Amino acid sequence: MQVGAFLVWSLMVLAGLLAVPAVSHTNALTTFSLMASSAAFVGMAIAQFMATRPPFVEALFGGLDRVYHFHRRIGISVLCLILIHYFLKPDFKGLALTSGLNQLAASAGKYAFYGFVILLVLSIVKIIPRTKIEIPYHLWRYTHRLIGLLFVLVAFHQMFIKRPYDGTDFWRFISMPSPRSAS
């Protein structure tokens with residue numbers, strides 16, 4: 001396995017695992033759903049970064065052609081993770097903290113989901129097997145650029161959707177004085 005592939009998969013798995021402590025008090029379906037969404041979000045970010053073609057990424061993967069193939073693999077993985085998150089709907093049963101932007105974030109997530117499914121399926125099925133149907137490259141490339149906009153919608157969704165924990169818990173934990181310094 002290439003260094004780049006190992007690094008990417010490790011970051012995605014780590015993102016999923018980091019979601020567990022925050023939601024482990026909920027049911028298993030909610031935990032798996034949020035693990036999938038966290039891993040998908042990191043995968044999307046990495047795929048976006050890889051699309052910028054920084055030279056050191058080519059070295060990590062062993063060439064630009066391998067970067068493109070792995071970029072596609074990430075896209076397929078992200079699609080699978082998004083589907084898991086979508087079908088295993090998080091159920092917080094009154095545990096969720098909300099903000100005034102919750103409804104807007106829910107809508108952003110829904111539209112981003114539909115957009116991602118359409119664009120990722122188009123990317124996967126650029127050429128439909130056993131038919132003469134082929135999406136012209138210039139159209140495929142144009143639609144692929146919309147993924148950046150969808151990523152922004154997903155980031156908004158992640159930031160402001162209901163969740164079973166306070167989004168500032170991490171910062172409050174860091175800023176709390178230790179028991180020794182209080183005495």
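Source: prediction; values computed, not measured.
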Show me the donor-acceptor pairs, under 3.5 Å and distance only, between side chains in residues 61-68 and residues at least two apart or in other chains.
| residue | atom | partner | partner atom | Å |
| --- | --- | --- | --- | --- |
| Tyr68 | OH | Arg53 | NH1 | 3.2 |

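Neither Tyr111 nor Tyr86 shares a network with the other; the hydrophobic side chains, linked directly or stepwise wherever heavy atoms of I, L, V, M, F, W or Y lie under 4.5 Å apart, form separate groups for each. Residues Leu119 and Val152 do not share a hydrophobic cluster, clusters being chains of Ile/Leu/Val/Met/Phe/Trp/Tyr side chains in contact below 4.5 Å. Follow the hydrophobic side-chain contacts under 4.5 Å out from Leu149 and you never reach Val154; the two are in separate clusters.
Here the closest heavy-atom approach between residue Ala105 and residue Ile161 is recorded as CB-N, 3.7 Å. The heavy-atom pair separating Ala15 from Val42 by the smallest distance is CB-CG2, 3.3 Å.
Taken from CG in Leu104 to NE2 in His157, the straight-line distance is 11.5 Å, to the nearest 0.5 Å. Rounded to the nearest 0.5 angstrom, Glu58 CD and Leu60 CG are separated by 10.5 Å. The CZ atom of Phe32 sits 10.5 Å away from the CG atom of Asn27 when rounded to the nearest 0.5 Å. If you take CD on Gln2 and CG on Leu7, they are separated by 12.0 Å, rounding to the nearest 0.5 Å. The distance from atom NE2 of His85 to atom OG1 of Thr30, rounded to the nearest 0.5 Å, is 10.0 Å. Interatomic distance, CE of Met12 versus CE of Met44, reported as 9.0 Å (0.5 Å rounding).
Using modelled atom types, no side-chain atom of Thr52 and backbone atom of Gln48 make a donor-acceptor pair closer than 3.5 Å. No side-chain donor-acceptor contact under 3.5 Å links Thr31 to the backbone of Val20. A side-chain donor-acceptor contact under 3.5 Å links Ser37 to the backbone of Leu34. Proximity of a side-chain donor or acceptor of Ser33 to a complementary backbone N or O of Leu29 within less than 3.5 Å is not detected.
In terms of the side-chain contact (heavy atoms from CB on, under 4.5 Å) criterion, residue partners of Ile74 (sequence neighbours excluded) are, by chain and number, Val8, Ile46, Ala47, Met50, Phe70, Val78. Judged as a ring pair (Phe, Tyr, Trp, His ring centres under 6.0 Å), and not counting sequence neighbours, Phe116 has no contacts. Evaluation of the side-chain contact (heavy atoms from CB on, under 4.5 Å) rule for Val117 yields Leu79, Leu83, Phe113, Val121 as partners, not counting sequence neighbours. In this structure, Tyr142 has no side-chain contact (heavy atoms from CB on, under 4.5 Å) partners at least two apart in sequence or on a different chain.
By the 30° and 60° cut-offs, the orientation of the rings of Phe151 relative to Phe41 is parallel.
Other residues sharing a hydrophobic cluster with Leu14 under the 4.5 Å side-chain heavy-atom criterion for ILVMFWY residues are Leu18.
Under the 6.0 Å distance and 45° angle rule, Lys89 does not count as a cation-pi partner of Phe87.
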Met159 and Phe156: CA distance, side-chain angles, deciding distance, side-chain contact (heavy atoms from CB on, under 4.5 Å) verdict: CA-CA 5 Å; Met159 192 70 187; Phe156 181 81; 5.8 Å; no

